[in-house]
Amino acid sequence: MSIKNEKLAKVMEDVIKRNPGEPEFHQAVAEVLESLEPVVEKRPEFLEKGVIDMLVEPERIIKFRVPWVDDQGNVQVNRGFRVQYNSAIGPYKGGLRFHPSVYEGIIKFLGFEQIFKNSLTGLPIGGGKGGSDFDPKGKSDGEVMRFCQSFMMELSKYIGADTDVPAGDIGVGAREIGYMYGMYKKQRDEFTGVLTGKGLTYGGSLARKEATGFGLCYFTDAMLKDHGLSFDGKTVVISGSGNVAIYAAQKATELGGKVVAMSDSNGYVYDANGIDLAEVKQIKEVRRGRIKEYVDTHKDAVYTEGCSGIWGIKCDIALPCATQNEINEESAKKLVANGVIAVAEGANMPSTPEAIHTFQSNQVLFAPAKASNAGGVTTSALEMSQNSMRYSWTFEEVDAKLQGIMVNIYKNASAAAKEYGMEGNLVAGANIAGFLKVANSMLAFGVV
Ligand code: NDP
């Protein structure tokens with residue numbers, strides 16, 4: 001860590017002391033605080049009036065038991081979390097993650113990042129995140145339903161359309177949102193937009209499913225164009241094959257790129273002819289299968305066990321869309337050695353700090369998740385607007401708003417980086433632009 005400002009360094013020291021054993025959370029806070037050094041030089045009141053001390057501490061953390069009965073009649077107990085991090089500019093907003101790796105530190109890191117991402121969208125949404133260590137993989141529909149119902153029975157006490165509006169994330173897709181929304185509606189007896197990512201028949205927004213992946217490509221396209229480049233004719237490698245990865249692959253292809261590799265948590269496929277996305281959708285969205293099944297129907301493609309090898313494939317554009325810290329320094333060096341020109345994060349914090357440093361010091365265009373994957377929450381906020389209006393926009397209307405917002409996020413992050421003397425550094429630019437709106441609001445509220 002290299003925070004030079006003494007007071008900021010002290011905030012970071014306290015964060016580490018008060019949140020032991022949460023390295024992902026420390027990593028996320030350190031990155032933001034480092035970016036804020038030039039801001040607090042210009043605006044010392046953010047430190048003097050305690051805004052930064054308040055900002056790093058979540059407003060509320062809810063932690064609860066989630067008991068459910070499996071298909072064999074055994075009682076299973078998982079742990080649920082909701083971190084209501086910051087509501088300075090709107091109701092808490094952020095996804096729910098169901099994955100065995102979930103613990104309080106992961107949810108805090110994601111919730112903290114969400115504050116700045118949501119602010120960057122320009123829409124009135126605060127930051128939050130939640131989830132459970134439940135693993136939907138290998139569970140029957142009945143088991144997933146009973147888990148989701150139990151989870152929502154407790155969570156419903158703390159959320160609401162104007163207070164906290166969760167959405168999906170890893171392990172939480174349309175099926176899980178449906179089960180949770182059904183239970184919320186039954187318990188509260190109200191039809192309200194308390195979750196986003198809902199099905200189209202009960203208040204969902206067109207283009208929500210596609211939003212994060214499409215948004216990632218709109219952002220990347222804006223970044224490329226600003227440097228006289230485009231997706232056209234470029235080779236693209238995408239990690240993951242979930243919601244974000246699939247729709248990033250679709251839009252990258254529509255913009256003229258050729259996606260040659262995708263992965264899941266077991267391994268990756270390389271198809272020099274270009275990935276057949278219809279087949280990936282069939283495997284992942286319809287059959288809930290494994291990416292290795294791709295080679296059963298595509299004999300020229302090659303499947304390799306293990307995840308990190310995907311970054312050794314030669315490409316022009318890399319879009320990490322699986323999970324946190326999936327690109328380390330070694331992988332980043334391989335990408336650079338193979339001539340990568342742009343890396344844009346679809347997943348949350350997929351690059352380690354050393355990897356980011358490697359990209360930036362080798363003049364690779366680097367788009368940080370906070371800015372480049374904000375398309376999901378943007379469209380979630382558009383879903384909230386449609387629910388409040390009791391009205392639905394067309395796919396084209398939502399997609400056009402999404403595209404406009406992603407281009408604006410690029411412009412704002414880029415302008416903030418320039419204003420604070422770090423031209424081209426979108427990590428700093430996104431942190432600063434996201435921070436200012438929240439911090440100015442907190443300053444107006446006083447000590448609350
Ligand atoms: P999904 O659950 O739909 O897909 C996740 C994908 O990543 C799967 O292919 C999964 O493989 C793979 N994966 C998960 N863990 C690992 C791991 N440890 N190593 C390698 N691969 C892994 O999730 P999403 O696509 O929704 O989310 C992906 C990322 O994007 C996350 O970081 C999420 O926080 C972020 N994000 C998602 C948004 C959204 O709208 N969905 C919005 C903004 C950010 P497998 O099937 O084997 O588990």
Side-chain angles (χ1 to χ4, degrees), residues 24 28 93-102 106-107 109-111 113-114 116-118 120-121 127 129-131 134-139 166-177 195-197 204-205 207-216 219 238-249 261-269 280-281 283-285 287-294 305-311 319-328 331 344-351 368-383 402 406:
E24 301 86 358
K93 181 93 200 84
L96 297 171
R97 175 176 293 192
F98 292 168
H99 192 270
S101 63
V102 165
I106 292 272
I107 301 299
F109 122 61
L110 291 163
E113 296 264 299
Q114 199 80 44
F116 308 97
K117 181 187 305 187
N118 292 2
L120 276 172
T121 67
K129 198 84 188 187
F134 172 76
D135 187 0
K137 229 181 284 167
K139 304 286 190 303
D169 190 71
I170 291 181
V172 179
R175 174 181 61 169
E176 290 76 14
I177 293 286
L195 292 173
T196 57
S205 173
R208 172 61 188 91
K209 186 174 66 168
E210 293 82 356
T212 309
F214 278 22
L216 171 66
F219 186 97
I238 300 181
S239 63
S241 48
N243 175 257
V244 179
I246 286 177
Y247 293 95
M262 292 182 79
S263 63
D264 62 19
S265 57
N266 294 116
Y268 64 92
V269 283
V280 174
K281 284 185 182 176
I283 295 169
K284 287 290 174 179
E285 293 188 329
R287 301 207 300 266
R288 291 180 189 273
R290 309 305 302 158
I291 200 76
K292 71 174 171 206
E293 294 164 32
Y294 184 90
E305 279 286 326
C307 300
S308 62
I310 195 169
W311 306 120
L319 304 176
C321 296
T323 194
Q324 63 271 0
N325 291 329
E326 54 170 310
I327 303 187
N328 60 14
S331 299
E345 298 185 325
N348 282 313
M349 209 168 75
S351 318
K370 248 182 229 106
S372 53
N373 77 11
V377 75
T378 294
T379 310
S380 276
L382 298 176
E383 183 174 331
L402 168 67
M406 295 311 296

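Whatever order the structure lists ligands and atoms in, that order sets their numbers, starting from 1.
Remark: Arg97 engages Asp169 in a salt bridge (Lys or Arg N to Asp or Glu O under 4.0 Å) (not counting sequence neighbours). Residues satisfying the salt bridge (Lys or Arg N to Asp or Glu O under 4.0 Å) test with Lys284, not counting sequence neighbours, are Asp264. Phe98 pairs by the ring-ring contact (aromatic ring centres under 6.0 Å, His included) definition with Phe147, Phe151, not counting sequence neighbours.
The main-chain N or O of Glu305 is never found under 3.5 Å from a side-chain atom of Asn266 such that the two would form a donor-acceptor pair. No donor-acceptor pair under 3.5 Å is formed between the side chain of Glu293 and the backbone N or O of Gly289.
The distance from the CD atom of Glu24 to the CG atom of Asn325 is 7.0 Å, given to the nearest 0.5 Å.
The 4.0 Å heavy-atom shell around ligand 1 contains residues Arg97, Lys137, Asp169, Ile170, Gly171, Arg208, Thr212, Gly240, Ser241, Gly242, Asn243, Val244, Ser263, Asp264, Ser265, Lys284, Arg290, Cys307, Cys321, Ala322, Thr323, Gly346, Ala347, Asn348, Asn373, ordered by chain and number.
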